[in-house]
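Every chain is numbered from 1 and lettered A, B, ... according to where its sequence line falls, protein lines coming before strand lines. The shown structure was predicted, so the numbers you read here are calculated from the model rather than taken from an experiment.
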Protein chains: 2
Amino acid sequence: MNTKEKIFDVSLELFSKKGYDSVSLREIAEEVGIKKSSIYSHYSSKEAILMDIFDYLTNLFEYDEMLNSKDLDLNANNEILLQNPEKFYHKGSEAMKEMFSQEKNLKIWKLLFIQMHHNEVIRKFFQDEILAKPIMFWEEFFTILKENNIIRQECNPKLLAKEYYSFPIYLILEICVEYEDIPQSSLEDFFNQAEEHANFLLDCVKVN
Amino acid sequence: MNTKEKIFDVSLELFSKKGYDSVSLREIAEEVGIKKSSIYSHYSSKEAILMDIFDYLTNLFEYDEMLNSKDLDLNANNEILLQNPEKFYHKGSEAMKEMFSQEKNLKIWKLLFIQMHHNEVIRKFFQDEILAKPIMFWEEFFTILKENNIIRQECNPKLLAKEYYSFPIYLILEICVEYEDIPQSSLEDFFNQAEEHANFLLDCVKVN
DNA sequence: GTCTATAGCGGGATAGAC
DNA sequence: GTCTATCCCGCTATAGAC
């Protein structure tokens, strides 16, 4: 691993634990094993490191979207929906699990939680990618379930979207507040709770 | 209003917008209308201001708990529960609404959200008072409803507690991310959504 | 690319006149 | 209590030797 990659990794690690402001270049350099001025051979400024990490996040999200677009394009999967509603029914909870399957992802979430108030670009990203877009997806999801009479007609898809999504967000917040390094046991517990939530909510609203 | 109170108010305002680290004494002093060194006639350090604000929060929470203890002592209200289950049934949603009835309270939430990663004392407070204790309350709430056969026997009170509480937490997060100053219209929307959520969840689990 | 040395700045905090 | 002046410190960033 070259020095620039080390700087990147160490910075992500420290920023996600303490926040951008509280981490000094000296601290990063020490952890990497160089002097702080050497950082400027790789990055033009401290802010540039943060933005490099942020670009990485952005790409990661776009990559995930690309991967998922096949399975989660709700319109394209209408046939599956009509032929095998039960299978489609739990696609949501699987997607949610996948979202947090990597510890790295949770580290990124924590960084976003800590950093969004400081940096306008990151705040906007959080607002759009973490809050708004997922809610839109779930709303569409429940709308289709409703249209196809899989869930009860008195259900409000917009409400259900938030019912569905607020739970994992709460779990993430819980984890981020509780741990500096997220233990594996906590992740498994997280999955189980998310799964239980998905089953509960879907059972509540489905026809029959 | 005396100078110390001004410093307090200005600091709460600025800290909740930008976070403790990003606010300088110079900035606070300018807003108050004095020089930064004069702050030390009222507070021994910058940290002392934050801790003064934090003490205020702590008292506010204790005061709320005292006020609510009469109505929300679940054991003491068992009679009401048995005589008039419907009334008790919605006590929860009312308590939830009350929790955010003041704009000041939301400002405090925002401060906690921003600041909890920086300061260990505040992190602990957030973890206990904002996350753990309310969940314990709701778990007890749903346990009693279950014992008295008001909600279905297959319900898991611990899960329901999080189902119930994660929704308003999500709403608060949404508001904190979206606004510097929280507009009245957004607060009303908040109440309506919280109410809709409470009705939805309680309808889902009640017997009949 | 990495180092030492240092500039330049802004932060929190203190001393002492008024 | 408020001011001006100043101190000390740690920060980001730069210059220049190797």
Inspect the contact between A:Arg26 and A:Glu30 and indicate whether a charged nitrogen and a carboxylate oxygen are less than 4.0 angstrom apart. no
Return the value, rounded to whole Å, for the distance between atom CD1 of B:Ile28 and atom P of C:dG10. 17 Å
OP1, OP2 of D:dC11 versus side-chain N and O of A:Arg26: anything below 4.0 Å? yes
Give a yes or no on whether a salt bridge exists between B:Glu13 and B:Lys17, defined as a side-chain N under 4.0 angstrom from a carboxylate O. yes
What is the distance, to the nearest angstrom, from the CD atom on A:Glu47 to the P atom on D:dA13? 9 Å
Taking B:Asn199 for the side chain and B:Glu195 for the main chain, is one N or O donor matched with an acceptor at less than 3.5 Å? yes
Atom-pair distance (CD on B:Glu27; P on C:dG11), nearest Å: 8 Å
Would you mind classifying the nucleic acid contact of B:Val23 as base, sugar-phosphate or nothing, using non-hydrogen atoms under 4.0 angstrom? sugar-phosphate
Once you measure the plane-to-plane angle for A:Phe167 and A:His197, does it fall in the parallel (<30°), tilted (30-60°) or perpendicular (>60°) bin? parallel
Roughly how many Å is it from OH in B:Tyr40 to P in C:dA13, rounded to a whole number? 4 Å
Would you list the protein and nucleotides 1-5 of chain C atom pairs, both N or O, that sit under 3.5 Å from each other?
from, atom 1, to, atom 2, distance (Å)
C:dT2, OP1, A:Thr3, OG1, 3.0
C:dT2, OP2, A:His42, NE2, 2.7
C:dC3, OP2, A:Lys35, N, 2.6
C:dC3, OP2, A:Ser38, OG, 2.9
C:dT4, O4, A:Ser37, OG, 2.8

Counterpart residues, salt bridge (Lys or Arg N to Asp or Glu O under 4.0 Å), relative to B:Lys158 (two or more places apart): B:Glu139
Roughly how many Å is it from CG in B:Leu25 to C1' in C:dA13, rounded to a whole number? 9 Å
Name the orientation class of the two ring planes belonging to A:Trp138 and A:Phe142 (parallel below 30°, tilted from 30 to 60°, perpendicular beyond 60°). tilted
Using whole Å, report how far CD of B:Glu30 lies from C1' of C:dG10. 13 Å
Just the rounded figure in Å: distance from P of D:dC11 to OH of A:Tyr20. 13 Å
